[in-house]
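Have a look at the structure below before the remarks.
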Amino acid sequence: MSDVDTLLSEFIRTRAAGGGSDPRPFLNQVDGAERRELMALIDAHLQSSVTPRRRWDPNAFAGSRAEAIAADLTERHLAPTESSISLRALRAKADLKRAELVDRLSEALGLRQGRERVNYHYHRMETGLTPADSVPQRVLGALAKLLDSTPEKLRAALRAGELPDASAATKVVMTRMASAIPEDVDTDEADDDGAPSPAEPDPVEAEVDAVFLGGDE
Amino acid sequence: MAHFRALTDIEMDELDDDDLVAYLVATREADHLVEATLAMRMLVYRYEDDIFGKVASKVPDHEIDGIVNKVFVAVLDKVFDGESEPWRGGTVASFKAWIFKIAHNKSVDLLRGSYGHHDPLPEEHPEDESLFGEAGAPTDERGLVEVEDAIERCMAERSAAHRLVIELGIFGDLPSREVADEVNSAHPDLERSMSPDNVDKIKSRFRKDLKNALDGDD
């Protein structure tokens, strides 16, 4: 075997054993035409479709050159944009626990008594169940003050986290609301007939629903 | 919003290059940045070391990391450019061939700058920056383009069966018996089945032709 053959085999074995693909220690052992030949063959080996690819190894990745490159690329290509920051991320940025934010939001909207219902609506917003476009400006304005943001940014955040079927889910909630608040019901007559009267809507919940689902005036 | 099923790292590692890139693009479009970041890390990890090896034999040591970084930036710029599988339809056959071609051209760009040559070679296509560098290739003393071309020329002159012999026997360093079996299995229509002796002769002829091609480039 020539030096070139031996060195190529050594390079291939080293790479296969996880010793890396740096050809310089091998190329440095030959000169001139032999070096060029070895360079061409190592190139061909690295590029060959029969050469096994490197398998994912999170431990080896940590602290590697690849990690540094991936970090640069993440910043360049995957950094969150204003339109992709979620409501949850904005809350985390404001360093507010959800319960704390719900307390303050209830207060800001004058809905302290309906705090649990506010919590329900906020949960739906943060988990993408509420369509971004259905949230009234009044709610966004109050939230924006608490999260040191703007209503526009919040709308974008809601849009980013919106689930594909959020509109459908909200329609279900609104339909339930409508059926729970009967129009022009004469409760006295219903009682007289002995028929069960429709469930009385909780006036506090109804007030909160009206704020969160009522849309903008 | 694009739809996708979030994959585990094990599932992701099983994906071939085309599918891993498609998954990366889909997760990014859906703003699922955690999944997109893992897919990107995997793609970089899959090729970084081999690209480093490709570049390290050609450019000065202090330039290697910068060039490798440029290669991945160029690849990801193109991948996120909206064009599906940008490595299709060009002169290369796969994502792997494409990323190595970009590495070659980025190395060539650097050497061209270092040696002050500006004349593009006839086979270069300056209009396609991602594949062929910003302004053609150098004709520097390292003969980078010629070294790469020598292998391509020698391979192009051979039949599919002989190319497989070279891929497996030289680039893959497999024993001749194993190469013969693989070739006979992949090419059952050969007039005479491949023997280990045939494999050794084909390898030897290729190496002689490669030497001549490289000598001829001097």
Side-chain angles (χ1 to χ4, degrees), chain A residues 2 4-5 8-9 11-13 15-16 20-24 26-27 33-51 53-58 60-61 64-74 76-81 83-86 160-164, chain B residues 1 3 9-10 12-13 17 28 31 33 36-37 40-54 56-58 61 65 68-69 72-73 76-77 79-80 93-94 96-97 100 104 142-143 146-148 150-151 155 164 166-168 170-174 207 210-211 214-215 217-218:
Chain A
S2 72
V4 171
D5 291 319
L8 177 64
S9 292
F11 174 82
I12 292 172
R13 278 201 302 275
R15 182 192 175 280
S21 299
D22 188 347
R24 291 171 296 178
F26 304 89
L27 291 172
E34 284 194 324
R35 183 184 167 96
R36 293 177 65 194
E37 191 184 356
L38 182 59
M39 187 200 293
L41 290 168
I42 286 177
D43 253 21
H45 167 73
L46 293 175
Q47 292 179 224
S48 171
S49 57
V50 302
T51 302
R53 64 175 165 79
R54 183 151 71 159
R55 305 305 299 244
W56 175 241
D57 179 348
F61 176 78
S64 67
R65 290 189 312 253
E67 187 184 36
I69 292 171
D72 281 353
L73 293 172
T74 300
R76 183 184 173 96
H77 291 287
L78 301 179
T81 59
S83 64
S84 67
I85 296 174
S86 68
E162 192 177 305
L163 294 176
Chain B
M1 183 180 285
H3 298 282
D9 56 349
I10 295 170
M12 234 185 273
D13 193 36
D17 293 338
R28 180 179 182 261
D31 278 332
L33 300 185
T37 300
M40 183 185 277
R41 287 175 171 182
M42 253 184 212
L43 191 66
V44 172
Y45 187 72
R46 194 174 277 192
Y47 281 112
E48 181 274 333
D49 199 42
D50 286 347
I51 294 297
F52 182 94
K54 164 92 179 168
S57 63
K58 296 159 186 69
D61 289 357
D65 288 340
V68 175
N69 211 56
F72 282 97
V73 167
L76 270 298
D77 279 351
V79 160
F80 290 137
S94 64
K96 182 174 184 176
F100 273 94
H104 171 78
R142 291 176 184 244
E146 289 82 357
V147 168
E148 179 124 328
I151 291 271
M155 288 294 269
L164 186 56
I166 293 153
E167 286 273 355
L168 297 171
I170 298 179
F171 307 155
D173 202 32
L174 292 181
R207 292 293 300 279
L210 178 62
K211 266 187 194 156
L214 290 168
D215 288 346
D217 291 329
D218 280 340

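Chain letters run A, B, ... following the sequence lines, proteins first and then strands; every chain starts at 1.
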* To do: Please determine, among A:Leu38, A:Leu27, A:Leu41, A:Ile42, the option with the most heavy-atom pairs under 4.5 Å with chain B.
  => A:Leu41
* To do: Count the heavy-atom pairs under 4.5 Å between each of A:Ala68, A:Ala71, A:Ala60, A:Ser64 and chain B, then report the option with the highest count.
  => A:Ala60
* **Minimum heavy-atom distance between A:Pro23 and B:Gly53, given as atom pair plus value** => CG-O, 3.3 Å
* Spacing of A:Asp22 atom CG and B:Asp50 atom CG [to the nearest 0.5 Å] -> 11.5 Å
* Between B:Ile170 and chain A, which part of the residue has a heavy atom less than 4.5 Å away: side chain, backbone, both or neither? -> both
* Using non-hydrogen atoms and a 4.5 Å limit, figure out which bit of A:Leu8 sits close to chain B: side chain, backbone, both or neither. => side chain
* Flag this pair as yes if the NZ/CZ of A:Arg65 is under 6.0 angstrom from the six-membered ring centre of B:Phe52 and inside a 45 degree cone about the axis; otherwise no. => yes
* Asked: Which region of A:Arg55, side chain (C-beta onward) or backbone (N, CA, C, O), has a non-hydrogen atom less than 4.5 Å from a non-hydrogen atom of chain B, or is it both or neither?
  -> both
* Spacing of CG belonging to A:Asp57 relative to CE belonging to B:Met42, to within rounding of 0.5 Å -> 10.5 Å
* What distance separates A:Ser48 OG from B:Asp173 CG, expressed to the nearest 0.5 Å? -> 11.5 Å
* Structure fact -> Turns out that what part of B:Lys96 lies under 4.5 Å from chain A's heavy atoms comes down to side chain
* Any donor and acceptor pair, going by atom type alone, linking the side chain of B:Arg28 with main-chain N or O of A:Leu78 inside 3.5 Å? -> no
* To the nearest 0.5 Å, tell me how far A:Asp43 CG sits from B:His104 NE2. => 9.0 Å
* Asked: Using a cut-off of under 4.5 Å for heavy-atom pairs, which of A:Arg53, A:His45, A:Glu37 has the most such pairs with chain B?
  -> A:Arg53
* Structure fact -> Rounding to 0.5 Å, atoms CG (B:Leu33) and OG1 (A:Thr74) come to a distance of 9.5 Å
* Are A:Gln47 and B:Ile151 close enough, and set up right, to give a side chain to side chain contact (heavy atoms under 4.5 Å, CB included), and what steps lead you there? -> CA-CA 11 Å; A:Gln47 292 179 224; B:Ile151 291 271; over 6 Å; no
* **chain B interface, residue from A:Ala44, A:Ala70, A:Gly20 that has the most non-hydrogen pairs under 4.5 Å** => A:Ala44
* Asked: What part of B:Leu210 is in contact with chain A, defined as an atom under 4.5 angstrom from a non-hydrogen atom: side chain, backbone, both or neither?
  -> side chain
* Can you tell which of A:Glu34, A:Arg76, A:Glu67 has the highest number of heavy-atom pairs within less than 4.5 Å of chain B? -> A:Arg76
* Counting N and O atoms only, with roles assigned by atom type, does the side chain of B:Asp13 sit under 3.5 Å from a partner on the main chain of A:Trp56, one being a donor and the other an acceptor? -> yes
* Would you call the rings of B:Phe80 and A:His77 parallel, tilted or perpendicular, where under 30° means parallel and over 60° means perpendicular? -> tilted
* **B:Tyr45 six-ring centre to A:Arg54 NZ/CZ under 6.0 Å and within 45° of normal** => yes
* Asked: Using 4.0 Å as the upper bound for N to carboxylate O, is an ion pair formed by A:Arg15 and B:Asp49?
  -> no
* Answer with side chain, backbone, both or neither: which region of A:Ala16 has an atom nearer than 4.5 Å to a non-hydrogen atom of chain B? => neither
* So which of B:Leu43, B:Asp17, B:Leu174, B:Asp61 has the largest heavy-atom pair count under 4.5 angstrom toward chain A? -> B:Asp61
* Under 4.5 Å from any heavy atom of chain B - which part of A:Ile12 -> side chain
* Heavy-atom proximity to chain B below 4.5 Å, by part of A:Leu46 -> both
* Asked: If every non-hydrogen atom of A:Thr51 is compared with every non-hydrogen atom of B:Phe171, which pair is closest and at what distance?
  -> OG1-O, 4.3 Å
